[in-house]
4 protein chains.
Amino acid sequence: MPIQKVTKEEILTKSLEVFRHRGYHNTSMNDLAHAVGLLKGSFYHYFDSKETLMKEVLMSVNILLQEEVFPIAYNSNLPIQERMETMLKRFSKTVFNKEGGCIVGNTILETVNLYPQFKEVLQEILTGWTNALTHLYSYTHAPENAKKLAEQSIMEYEGAIMMAKLYGESYYYKDCYIRTMERLKA
Amino acid sequence: MPIQKVTKEEILTKSLEVFRHRGYHNTSMNDLAHAVGLLKGSFYHYFDSKETLMKEVLMSVNILLQEEVFPIAYNSNLPIQERMETMLKRFSKTVFNKEGGCIVGNTILETVNLYPQFKEVLQEILTGWTNALTHLYSYTHAPENAKKLAEQSIMEYEGAIMMAKLYGESYYYKDCYIRTMERLKA
Amino acid sequence: MPIQKVTKEEILTKSLEVFRHRGYHNTSMNDLAHAVGLLKGSFYHYFDSKETLMKEVLMSVNILLQEEVFPIAYNSNLPIQERMETMLKRFSKTVFNKEGGCIVGNTILETVNLYPQFKEVLQEILTGWTNALTHLYSYTHAPENAKKLAEQSIMEYEGAIMMAKLYGESYYYKDCYIRTMERLKA
Amino acid sequence: MPIQKVTKEEILTKSLEVFRHRGYHNTSMNDLAHAVGLLKGSFYHYFDSKETLMKEVLMSVNILLQEEVFPIAYNSNLPIQERMETMLKRFSKTVFNKEGGCIVGNTILETVNLYPQFKEVLQEILTGWTNALTHLYSYTHAPENAKKLAEQSIMEYEGAIMMAKLYGESYYYKDCYIRTMERLKA
DNA sequence: TATGAATGAGCGTTCATTCAT
DNA sequence: GATGAATGAACGCTCATTCAT
């Protein structure tokens, strides 16, 4: 009887890590298969192509964010500051990683011109993130300003993770966090 | 003298464009050669490897910036605002491109963990940029703050170019410009 | 089980033949693959480089000699003359071939300065051969002389195979056999 | 006015050295050109192909041997022993080299099956050598035996140079010299 | 004569993918 | 479900050779 060595979820989780570290084009199906303890051929029982796999990786990230991270911003039981803080921490844990950077940013820069299916998901992620931040900033700022502040925070975060990767330092990222919190104050 | 179809400079310029659009790993030597009107093999008269070529592309960008762009910030004949404005425009023209994004940011995210030689040059570029901005902000802010503002501007710019690439819109980038100018005021 | 067109052993055997005929550098992976009925790329399931393949070819020859040919010299159930005769014939069948010459000699001359891993195996082969001959000559000669006679026989054999290749004649080789046998007599 | 940087002779001498060290197929036209201080393209003013060049290298060796080395064997002004001794030394200086081995032996094993033009010259060389040795041995042995002894000496020499190359030792070669001299005695 | 840019075929190797078992 | 052998195209790179200057 066929034994199942891994679940689709495990593959997605491990693949996310490998893609984040090595980038899309520089990661081979072999790399991914080995990372999850399968042989190359077995991979194709779960995903019919490298593109499909990457798309599903991105989608699983999106689902996690939309279901468990962004909703925090709309949880009216918590104070605004706490919502922001918690959300940022959960967000970071999901998409950032000091060594490999941000799977979202990495994938945008590397693939967005080449793979429209990736673009869709990536846009959903960033739109969800923007909306969540906009919502929080709306408590203390005019709607138009709130949106701009949200975008500004996101851009800074992505820039910060880039600097962190380049210099091997994390303070860019911390400064960014502080400014994002500061902006919550009227 | 043998017939010369291209100059090394042309190769660097065209290669920059191809790398920016397609990324490092997804660009083949064939792509590059065709872009300059040569055959793959002929390329190796100018560069002895893809890595060397990319490094020289990055170095040529660095030299241009260090010699012609960053010095603008230190030109005491011009008012500060004008220095900032001119420098930002020249900088953008050099490293940004709406379709392909920023060669610096793209290359950091895709290769910095893999190619230490690239990292060096990329660090020089970002350090030069940071210093130039810090210098300008120093006129109106305390030294420590000036540095933070410079870094913030850079991070925003890199984030903005990412958003521009993802959504095909350029207003992120314009907002970023406005904020960078605003920060010049005490 | 996937369809298997060849075994690793078959590859080694066929590759030995191709290397012997065409030499190491003049043999392409394509040549080798076609000789065993595979495509170039498929070869890399069995060997991860041309060097590795050649090394394994040489090692398989070494193992065959050490396990099945040289032991004949030490088989005290047989008369000395018969041991020598049988061993030489088995040896010839293993490493010589009128058209391509001697895989050992060919590879020494072509690669020994360039590939230390090959050198090791080739030395083991020649040392084994020298020892076996020395052992046989020891029955009728003083130890020091026995070693010299062994070396002399080996050198003659390698020279003979070279002459045979150059002139397309095999009598050099036969003379060599006769002299090697003659030397057994006190 | 065109300056001539090298003579054809120099090219042949330098190329001989490179071919001896690196073998025929593993030597590139670039290697050869650099060894003589020319650029690749300039080489083709002297030789219209790599094959032609190698053939001329071998021919120049042949001419040297036929004109200056083998005649020593027929010089009736000198005692036989001295003729042999002088000839062997001159021969060694011409075709052997401890590091690279024997250009004749190397080239036979690597190319004789592939390049008939090389074979011709190589046969001439070995025939000339055989004749010279046969002539000397004829003084003390019956004609038929003299020929066999000549061949035996040659084979040993080629085998000895192979062993020397494999083990990095030169005593094989010296033993060979001693035996070749010994055989001169009735 | 010497150059060096250009060619085009071929090299060793890697890859995403297929599929019989 | 998992294997691993096989494919065929593509990769980065090297090569012998050509030829305008």
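Convention: sequence-line order gives letters A, B, ...; per-chain numbering from 1.
One donor-acceptor pair, N or O on each side, does fall under 3.5 Å between the base of E/dG12 and the side chain of C/K40.
Between the NZ atom of A/K8 and the P atom of F/dG1 there is a distance of 11 Å, given to the nearest Å. For B/H25 and E/dC15, the NE2 to C1' distance is 14 Å, given to the nearest whole Å. Protein atom CE of C/M54 is 12 Å distant from nucleotide atom P of E/dG12, rounded to whole Å. One atom, CD1 of A/I11, and another, P of F/dG1, lie 11 Å apart when rounded to the nearest Å. Distance, D/F47 CZ to F/dC15 P: 20 Å, rounded to whole Å. When the C1' atom of F/dC19 is taken as reference, atom CG of D/D48 falls 15 Å away, rounded to whole Å. For the pair D/L32 CG and F/dA16 P, the interatomic distance rounds to 8 Å; values are reported in whole Å. Between B/L53 atom CG and F/dC13 atom C1' there is a gap of 13 Å when expressed in whole angstrom units.
Closest to the side chain of B/L39, from the set E/dA6, E/dG8, F/dG12, is E/dG8. Of all nucleotides listed (E/dT3, E/dA6, F/dA6), F/dA6 comes nearest to the side chain of C/V6. The nucleotide whose nearest atom lies closest to any side-chain atom of B/S49 is, among E/dA2, F/dA2, F/dC13, F/dC13. Of all nucleotides listed (E/dT3, F/dC13, F/dA6), F/dC13 comes nearest to the side chain of B/K50.
When Watson-Crick and G-U wobble pairs are counted only if both distances are under 3.5 Å, E/dT21 pairs with F/dA2. Summarising the base pairing, E/dT14 is matched to F/dA9 through a Watson-Crick or G-U wobble pair whose two defining distances lie under 3.5 Å.
Side-chain contact between D/Y46 and D/L38 is present, with at least one heavy-atom pair separated by less than 4.5 Å.
Residue A/T7 is out of contact with every strand shown, counting any heavy-atom pair closer than 4.0 Å. Nucleic acid contact for C/T52: none, since no nucleic acid atom lies under 4.0 Å from a heavy atom of the residue.
For C/N30 and B/G41, each mapped to the nucleotide of DNA chain E holding its nearest heavy atom, the one lying further toward the 5' end belongs to B/G41. Of the two residues near DNA chain F, B/H45 and C/L38, the one whose nearest nucleotide lies more 5' is C/L38. The 5' end of DNA chain E is approached more closely, in terms of each residue's nearest nucleotide, by B/F43 than by the other of A/Y24 and B/F43.
Side-chain nitrogen and oxygen atoms of A/Y46 include at least one within less than 4.0 Å of the OP1 or OP2 phosphate oxygen of F/dA2. Contact annotation: B/S28 side-chain N/O to F/dA10 OP1/OP2 distance is not under 4.0 Å. OP1 or OP2 of E/dT13 sits under 4.0 Å from a side-chain N or O of C/Y44. For the OP1/OP2 pair of E/dT3 and a distance below 4.0 Å, the side-chain nitrogens and oxygens of D/S42 include at least one atom meeting the criterion.
Residues forming a salt bridge (Lys or Arg N to Asp or Glu O under 4.0 Å) with D/D31 (at least two apart in sequence, or on another chain): D/R22. Judged as a salt bridge (Lys or Arg N to Asp or Glu O under 4.0 Å), and not counting sequence neighbours, the contacts of B/K8 are B/E56.
Taking the six-membered ring where the residue is Trp, A/Y24 and A/Y115 present perpendicular rings, their angle passing 60° and hence far from 30°.
For the pair B/F43 and B/V36, the tightest heavy-atom approach, listed with the atom from each and the gap, is CE1-CG2, 3.6 Å. In this structure, A/N106 and A/R20 approach most closely via the heavy-atom pair ND2-O, 3.4 Å.
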